[in-house]
Amino acid sequence: MSEEKSLNFLEEIVEADIAAGKNSGRVLTRFPPEPNGYLHIGHAKSICLNFGLAQRYGGQTNLRFDDTNPAKEEVEYVDSIKEDVKWLGFNWANELYASDYFDTLYEFAVTLIKKGLAYVDDSTSEEIAGQKGTPTEPGTPNQYRSRSIEENLQLFADMKAGKYPDGAKVLRAKVDLASPNMLLRDPLMYRIKHTHHHRTGDTWCIYPMYDFAHGESDAIEEITHSVCTLEFVSHRDLYNWFIEKLEIFPSKQYEFARLNLNYTVMSKRKLLQLVEEKYVEGWDDPRMPTISGLRRRGYTPASIREFCERIGVAKRENMIDVSLLEFCIREDLNKTAWRRMAVLDPIKMVITNYPEGQTELLFSENNPEVEGGEGGRELPFSSELWIEREDFMEEPPKKFFRLGVGLMVRLKSAYIVKCDSFVKDAEGNVTEIHCTYIPESKSQNDTSGIHVKGTIHWVSVPHAKTAEVRLYDRLFKVEDPSNEDGDFKEYINASSLHILNNVYIEPDLATAVPGKGYQFMRKGYFTLDKNSTTDKLVFNRTVTLKDGWVKK
RNA sequence: UGCCUGAUAGUAUAAAGGUAGUACGACGGUUUUUGGUACCGUUUGUCUAGGUUCGAAUCCUGGUCGGGCAACCA
């Protein structure tokens, strides 16, 4: 590791461990999602961290589903999570499930009971909460805390056997009811839930809690570095307590600050609400911060990985500006997206001195960022073109490098034209722009000697195809919707989606490929939507181009 | 007001007692058949008050502010 780049705190920990000979230099991490929703960009940070750490130090990463709460979990989510991790470009060493360990976990619990370190409690959840005390006052033990080992063993076996209804009893760890860490005040290990599990079916009616499953699963897999987010800091004491009492592999937990992105929300609960209450089309709506949403929007795996690399890792709360995400996708697409022409808000241009009915094929390269342009395509040109309405002004200001009566522009890959006049309808809307072209100014063979400041895109009227184009804006009107007064949904941006039904695109775009990014010149990056068909092409705008032109 | 955590430009993130740097953003310029890209430049920062030291973002003490913790969620 002789790079100039400094290490983040997790890399420092791993390097120190390797240097100290811990675990014989072995590095095994894990990415442990609960399959209760779709993965979002915050998970991408965790994925990049866990897989990246292992990759960098010659280790491996397990994909482990934390499926200990059957009430919320579904196979649909398992499948989507696997797809997203793969799509991001990572390969896990083993696909595992906390539910794989239910038998072992049960034995671990029995071990603790036998050591006098766990007991069955018949209290209701309200009673237990009441007996926990407060942060400033210690909890108080109840009569169940002193049950005999034999009785606990029998009761726990009966719980497993299904003799009790949901909520009748729980298994608790006997730690310390006076601990300043509330999590140590005899935390629950098992609860009764007569619920069908997506993998174990109806085999179990008791399920382990997170705190009694996570560290134990890490230990079973012999995870060396268990990386999670900051809200689990106070769980670390418990994590270590179970491992110590059980005398199992000593995995270590390390915490980092989760990702927050402005103008969106990042909790599965809130994202689920947006989906269920139809504020968006689904988990993969292009406005969602989910991996599947970003994918449908046109983000590439490389751009997301780059983003995760650039935001860094630390332990302080943060709020990342979406502009960095946008920078990452533009940087990627600028180098890879093929250039095409599309007119989003069309107005007709008539070239009065070009033979009516004549068609000419012009060449335009696919990608100016690459040597040789990656080939190109033929662009049909004729006397009637669609151009962008905003590229013409009746009364152009001084630095307007586009069209207005008397002004000249280059039609990209074609000719220079001069605007002579325009036509208005009864309401005063401009309906047609009349120009004359300069035959000697043909692209790549320009002998006119004329130089113009502006170049605009266009599509030939008789050759144009049409498409639907969806333009997206931020989902929320405020930077941190979760931190505003009232419900976060009050801050939804009502105009986060604009659908353009009549966009004219150059004919070659009819062969657009799903999953590929295209730059609609001067307009942004676009990609085919999953709803697109050959009869009705649908494009999503991934991101606009950076716009240096500020209208004054 | 118990415990745990954290605090460096607008936003992130480096500097491990020795020149506060980098990226994104913003602003300005050069080039350009995309007002894109590329290139160049400018701008703004160590929460606070003391202390230790030749020297402190870094170590010590007090304060301030932020986040987390009292789910049969993870």
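Just so we're on the same page: letters track the sequence lines, and every chain starts at 1.
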Note to self: Any base atoms under 4.0 Å from A:Ile311, or only sugar-phosphate, or nothing? Heavy atoms, all strands.
What the structure shows: sugar-phosphate
Next item on the list: Could you give the distance separating B:rC69 and B:rA74 at their C1' atoms, to the nearest angstrom?
Entry: 15 Å
Notebook entry, point to check: Looking for any heavy atom pair under 4.0 Å, which part of the strands does A:Glu34 touch: base, sugar-phosphate only, or nothing?
Noted result: sugar-phosphate
Note to self: How many whole angstroms separate atom CD of A:Glu127 from atom C1' of B:rA70?
What the structure shows: 16 Å
Notebook entry, point to check: So what does A:Val170 hit on the nucleic acid, given a heavy-atom distance under 4.0 Å: a base, only sugar-phosphate, or nothing?
Noted result: base
Check: Do we see a donor-acceptor contact under 3.5 Å between the side chains of A:Ser179 and A:Asn181?
Finding: no
Margin query: Need one value for A:Glu255: base, sugar-phosphate or nothing, where a base atom within 4.0 Å counts as base even if backbone is also close, heavy atoms only.
Written below: nothing
Note to self: Mind checking if A:Arg339 touches a base, just sugar-phosphate, or nothing, with heavy atoms under 4.0 Å?
What the structure shows: base
Next item on the list: Measure the distance from CZ on A:Phe307 to P on B:rA23 and round it to the nearest whole Å.
Entry: 18 Å
Next item on the list: Specify the residue among A:Met521 and A:Ser234 whose closest nucleotide of RNA chain B lies further upstream toward the 5′ end.
Entry: A:Met521
Next item on the list: Could you give the distance separating B:rG25 and B:rG62 at their C1' atoms, to the nearest angstrom?
Entry: 37 Å
Margin query: Measure CG/A:Asp547 against P/B:rU37 and give the value in whole Å, please.
Written below: 10 Å
Check: Expressed in angstrom and rounded to an integer, what is the separation of A:Asp480 atom CG from B:rG10 atom P?
Finding: 19 Å
Next item on the list: Provide the distance between the two P atoms, one in B:rU53 and one in B:rU58, to the nearest whole Å.
Entry: 16 Å
Notebook entry, point to check: For the base of B:rU33, is there a side-chain donor-acceptor partner from A:Arg410 under 3.5 Å away?
Noted result: yes
Next item on the list: Would you indicate what A:Lys412 reaches in the nucleic acid, counting non-hydrogen atoms under 4.0 angstrom: base, sugar-phosphate, or nothing?
Entry: base
Next item on the list: Indicate, with a heavy-atom threshold strictly under 4.0 Å, whether A:Glu326 touches base, sugar-phosphate, or nothing.
Entry: nothing
Next item on the list: Work out which heavy atom in A:Tyr525 is nearest to a heavy atom in A:Gln519; give both atom names and the distance.
Entry: OH-NE2, 3.2 Å
Check: To the side chain of A:Pro368, which of B:rG36, B:rU11, B:rA70 is closest?
Finding: B:rG36
Next item on the list: List the steps and the verdict of side-chain hydrogen bond (donor to acceptor under 3.5 Å, both in side chains) for A:Ser413 and A:Ser364.
Entry: CA-CA 6 Å; A:Ser413 299; A:Ser364 193; 2.8 Å; yes
Margin query: Does the structure show A:Trp549 stacking with B:rG35, if we require the centres to be closer than 5.5 Å and the planes to be within less than 30 degrees of parallel?
Written below: yes
Notebook entry, point to check: Under 4.0 Å between a side-chain N/O of A:Thr68 and OP1 or OP2 of B:rA74, yes or no?
Noted result: yes
Item checked: Donor-acceptor pair present, A:Glu12 side chain and B:rA16 base, under 3.5 Å -> yes
Margin query: From C-beta outward on A:Lys72, which listed nucleotide comes closest to its side chain: B:rG35, B:rU13, B:rC73?
Written below: B:rC73
Note to self: Using a distance-only criterion (donor-acceptor N/O pair, under 3.5 Å, no hydrogens), is the base of B:rU1 paired with the side chain of A:Thr136?
What the structure shows: no
Checklist line | Whole-angstrom distance between B:rG41 and B:rC4, as gauged at atom P | finding: 48 Å
Next item on the list: Just call it for A:Phe327: base, sugar-phosphate, or nothing, with non-hydrogen atoms closer than 4.0 Å on any strand.
Entry: sugar-phosphate
Next item on the list: For A:Phe232, answer base if it contacts any base atom (sugar-phosphate contacts may also be present), sugar-phosphate if it contacts only those atoms, and nothing otherwise; contact means non-hydrogen atoms under 4.0 Å.
Entry: base
Notebook entry, point to check: Is any side-chain N of the basic residue among A:Glu388 and A:Arg522 closer than 4.0 Å to the acidic one's carboxylate O?
Noted result: no
Next item on the list: Look at the side chain of A:Arg316 and the base of B:rU5, then say whether one donor and one acceptor between them are separated by less than 3.5 Å.
Entry: no
Next item on the list: Give A:Pro32 one of three labels, base, sugar-phosphate or nothing, depending on what nucleic acid heavy atoms sit under 4.0 Å from its own.
Entry: nothing
Check: Dot-bracket for RNA chain B, 5' to 3', with Watson-Crick and G-U pairs under 3.5 Å, [ ] for crossing pairs and | for other-strand pairs: what is it?
Finding: .((((((..((((....[..)))).(((((.......)))))....(((((..]....))))))))))).....
Check: Is the centre of the A:His214 ring less than 6.0 Å from the centre of the A:Tyr210 ring?
Finding: yes
Checklist line | Nearest atoms (heavy-atom pairs only) where A:Glu365 meets A:Phe363 | finding: N-CE2, 3.8 Å
Note to self: At 4.0 Å (heavy atoms only), tell me whether A:Gly548 reaches a base, stays on the sugar-phosphate, or touches nothing.
What the structure shows: sugar-phosphate
Next item on the list: Report yes or no: do A:Asn62 and A:Glu221 form a side-chain donor-acceptor pair below 3.5 Å?
Entry: yes
Note to self: Does A:His214 reach a base, just sugar-phosphate, or nothing at all? Heavy atoms under 4.0 Å.
What the structure shows: nothing
Check: Of A:Val233 and A:Glu331, whose nearest nucleotide on RNA chain B comes first from the 5' end?
Finding: A:Val233
Next item on the list: Rounded to whole angstrom, note down the P distance from B:rG21 over to B:rU44.
Entry: 12 Å
Notebook entry, point to check: Between A:Tyr415 and A:Phe381, is the ring centre distance below 6.0 Å?
Noted result: yes
Note to self: What is the separation between atom CZ on A:Phe212 and atom C1' on B:rA74, rounded to the nearest whole Å?
What the structure shows: 17 Å
Next item on the list: Assign A:Ser125 to base, sugar-phosphate, or nothing according to its heavy-atom contacts below 4.0 angstrom with the strands shown.
Entry: base
Check: Among A:Lys132, A:Arg191, A:Lys169, A:Arg172, which one satisfies salt bridge (Lys or Arg N to Asp or Glu O under 4.0 Å) with A:Asp121?
Finding: A:Arg172
Next item on the list: Identify the heavy atoms of A:Ser217 and A:Tyr101 that sit nearest to each other, and give their distance.
Entry: OG-CD1, 3.4 Å
Next item on the list: Identify which nucleotide among B:rA12, B:rG6, B:rG36 has an atom closest to any side-chain atom of A:Lys315, counting heavy atoms from C-beta outward.
Entry: B:rG6
Next item on the list: Would you kindly check if the NZ (Lys) or CZ (Arg) of A:Lys516 is within the cone defined by 45 degrees around the ring axis of A:Trp338 and under 6.0 Å from the six-membered ring centre?
Entry: yes
Margin query: Against the six-membered ring of A:Tyr106, is A:Lys160 placed for a cation-pi contact (under 6.0 Å from the centre, within 45° of the normal)?
Written below: yes
Check: Which whole number of Å gives the distance between the P atom of B:rU22 and that of B:rC39?
Finding: 15 Å
Notebook entry, point to check: Taking RNA chain B as the partner, which of residues 174-195 of chain A come within under 4.0 angstrom of it by heavy atom?
Noted result: A:Pro180, A:Met182, A:Leu188, A:Arg191, A:Lys193
Margin query: Distance check, P atoms only: B:rA20 and B:rG45, in whole angstrom units.
Written below: 14 Å
Next item on the list: Send over the distance from A:Glu390 CD to B:rU34 P, rounded to a whole Å.
Entry: 17 Å
Notebook entry, point to check: Who passes salt bridge (charged side-chain N to carboxylate O under 4.0 Å, His left out) against A:Arg199, sequence neighbours left out?
Noted result: A:Asp100
Margin query: Under 3.5 Å, is there any donor-acceptor pair linking the side chain of A:Arg402 to the base of B:rG35?
Written below: yes
Next item on the list: In whole angstrom, give me the gap between the C1' atoms of B:rA7 and B:rC47.
Entry: 7 Å
Next item on the list: Would you indicate what A:Arg310 reaches in the nucleic acid, counting non-hydrogen atoms under 4.0 angstrom: base, sugar-phosphate, or nothing?
Entry: sugar-phosphate
